[in-house]
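Below is one structure, written out as structure tokens; comments come after it.
To find a chain, count down the sequence lines: A is the first, B the second, and so on, and within it residues start at 1. Side chains are part of it too, since the values below use all heavy atoms of this structure and drop only hydrogens, waters and symmetry mates.
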Amino acid sequence: MKINVNGEGREVAPGTLDKVLDELGYGGARVATAINETFVPTAARGQTELSDGDRLEIVAPRQGG
Amino acid sequence: MVAFYGTEVTSRLMLGTAQYPSPAVLEQAFRRSGAGIATVSVRREAGAERAGAAFWDLVAQLGVRVLPNTAGCHSVREAVTTAQMARELFETKWIKLEVIGHADTLQPDPFGLVEAARILTDEGFEVFPYTTEDLVLAERLLEVGCKVLMPWGAPIGTGLGLTNIYGLRTLRAQFPDVPMVVDAGLGLPSQAARAMEMGFDAVLLNTAVARAGDPVGMAEGFARAVEAGRLAYEADPMEPRDMAAPSTPLIGKAFLE
């Protein structure tokens with residue numbers, strides 16, 4: 001299925017968020033996620049199915065003011 | 001000592017972590033500043049990047065409390081979701097809430113700010129709202145549960161200092177028991193000292209240190225200014241007057257008629 005990851009179109013296998021994160025190379029990374037602007041906690045990734053056209057945001061700690 | 005949401009902090013200087021020439025300079029600047037709180041953010045991470053982990057390690061070495069921000073968020077939804085992601089990543093209830101309303105001045109959107117502050121407070125966050133010096137807005141933020149206010153000195157990154165002394169003085173006087181941090185717009189230690197002399201509890205800055213020719217030296221300059229300003233406030237400064245008043249006694253002066 002085609003989803004949008006951090007603003008870019010990506011083709012991924014259908015599945016739950018934790019599987020999609022693994023497929024995209026985030027396995028074990030310290031990241032937080034939101035789907036269609038709704039926060040998805042780490043504990044909910046295994047039960048959260050992605051759908052075609054979803055917008056996924058994956059963020060990590062960064063410098064800030 | 002000042003407390004934010006029940007957490008006492010020893011330093012009244014809070015520092016941002018962005019724009020330093022290198023991680024090493026950032027670390028040295030923090031050490032010299034004595035800052036006890038560091039602002040941080042969350043940003044998009046690429047699949048194999050792991051930049052977040054490297055930054056996380058750097059922050060851990062600083063031994064400071066982190067205050068994540070929602071910098072760059074222009075809507076309530078964005079700010080709330082960003083805050084939720086930050087809480088999970090940084091393992092803290094603290095959030096420096098920015099809801100930006102104007103692209104050129106980065107002025108807070110007061111309506112969105114109050115709404116986002118209400119939502120986040122209800123979700124258990126401890127909100128540090130980046131606000132203007134507006135009294136009514138301050139009151140609304142306190143009403144929805146904020147226990148700290150962060151009025152701007154000037155627009156973010158300008159280094160203009162305290163552009164509305166009257167407004168800030170009024171805000172301070174109106175809510176004497178609310179911890180207040182002057183956040184944004186400071187460019188020089190003297191400006192930070194002024195804020196502290198006026199009775200603000202702390203200052204937060206980033207660009208003024210990170211973009212100085214010598215960030216480490218500037219960090220110490222700000223640290224001393226903040227301390228000097230606080231000492232002056234606690235020492236109850238004299239009232240200014242228009243006419244001269246000799247400090248040396250007249251009694252006993254030679255050649256007096």
Side-chain angles (χ1 to χ4, degrees), chain A, chain B residues 14-20 23 26 38-60 66-72 75 77-78 80-91 96 98 106 123 130 156-157 183-184 204-210:
Chain A
M1 64 180 174
K2 197 161 166 65
I3 60 169
N4 189 295
V5 180
N6 285 346
E8 286 178 22
R10 298 289 293 265
E11 190 67 39
V12 295
T16 53
L17 178 54
D18 56 346
K19 299 280 190 312
V20 170
L21 286 174
D22 277 347
E23 184 183 337
L24 292 169
Y26 292 94
R30 189 180 195 96
V31 290
T33 49
I35 297 174
N36 302 329
E37 289 192 36
T38 299
F39 171 56
V40 181
T42 304
R45 288 177 191 163
Q47 303 94 59
T48 305
E49 293 276 344
L50 279 150
S51 307
D52 202 54
D54 275 348
R55 285 169 290 116
L56 172 61
E57 291 288 337
I58 306 166
V59 299
R62 282 291 190 285
Q63 295 80 355
Chain B
M14 298 157 70
L15 261 190
T17 54
Q19 306 183 84
Y20 293 82
L26 182 159
T39 51
V40 293
S41 75
V42 303
R43 286 292 179 263
R44 286 173 167 172
E45 173 124 321
E49 195 180 1
R50 301 295 189 272
F55 180 66
W56 176 261
D57 290 345
L58 174 64
V59 169
V66 293
L67 174 58
N69 68 29
T70 62
S75 72
R77 182 84 188 270
E78 262 183 279
V80 167
T81 303
T82 301
Q84 290 165 333
M85 293 193 289
R87 176 162 66 176
E88 185 178 87
L89 280 175
F90 291 105
E91 298 165 2
K96 175 185 158 181
E98 294 183 32
L106 300 180
E123 288 189 14
Y130 167 62
I156 297 169
D183 172 20
L204 166 52
L205 49 109
N206 187 347
T207 312
V209 166

Heavy-atom proximity to chain A below 4.5 Å, by part of [X]:
X: A51(B); result: both
X: Q19(B); result: neither
X: R50(B); result: side chain

Could you tell me which non-hydrogen atom of [X] sits nearest to which non-hydrogen atom of [Y], and how far apart they are?
X: L89(B); Y: V31(A); value: CD2-C, 3.5 Å
X: W56(B); Y: P61(A); value: CE3-CG, 4.2 Å
X: G65(A); Y: A18(B); value: N-CB, 4.5 Å
X: A60(A); Y: G52(B); value: CB-CA, 3.8 Å

TODO: Applying side chain to side chain contact (heavy atoms under 4.5 Å, CB included), run through T38(A) and R77(B) and close with a yes or a no.
DONE: CA-CA 8 Å; T38(A) 299; R77(B) 182 84 188 270; 2.6 Å; yes
Open item on the list: I'd like to verify something: which residue of L24(A), I58(A), L21(A) has the highest number of heavy-atom pairs under 4.5 Å with chain B?
Closed with: I58(A)
- [ ] Give the member of R30(A), E37(A), E8(A) that has the highest number of heavy-atom pairs under 4.5 Å with chain B.
- [x] R30(A)
Find the one option among [options] whose heavy-atom pairs under 4.5 Å with chain A are most numerous.
options: R44(B), M85(B), K96(B), E49(B); value: R44(B)
options: T39(B), T82(B), T207(B); value: T39(B)
options: M14(B), E78(B), Q84(B); value: Q84(B)
options: A54(B), A210(B), A46(B), G157(B); value: A46(B)

Open item on the list: Is the shortest side-chain heavy-atom distance between E45(B) and R62(A) below 4.5 Å?
Closed with: yes
Task: side chain to side chain contact (heavy atoms under 4.5 Å, CB included) assessment of F39(A) paired with E88(B) - done: CA-CA 10 Å; F39(A) 171 56; E88(B) 185 178 87; 3.5 Å; yes
- [ ] Can you measure from CD (Q63(A)) to CG (L26(B)) and round to the nearest 0.5 angstrom?
- [x] 7.5 Å
- [ ] Measure distances from T33(A) to the heavy atoms of chain B and classify the residue's part below 4.5 Å as side chain, backbone, both or neither.
- [x] backbone
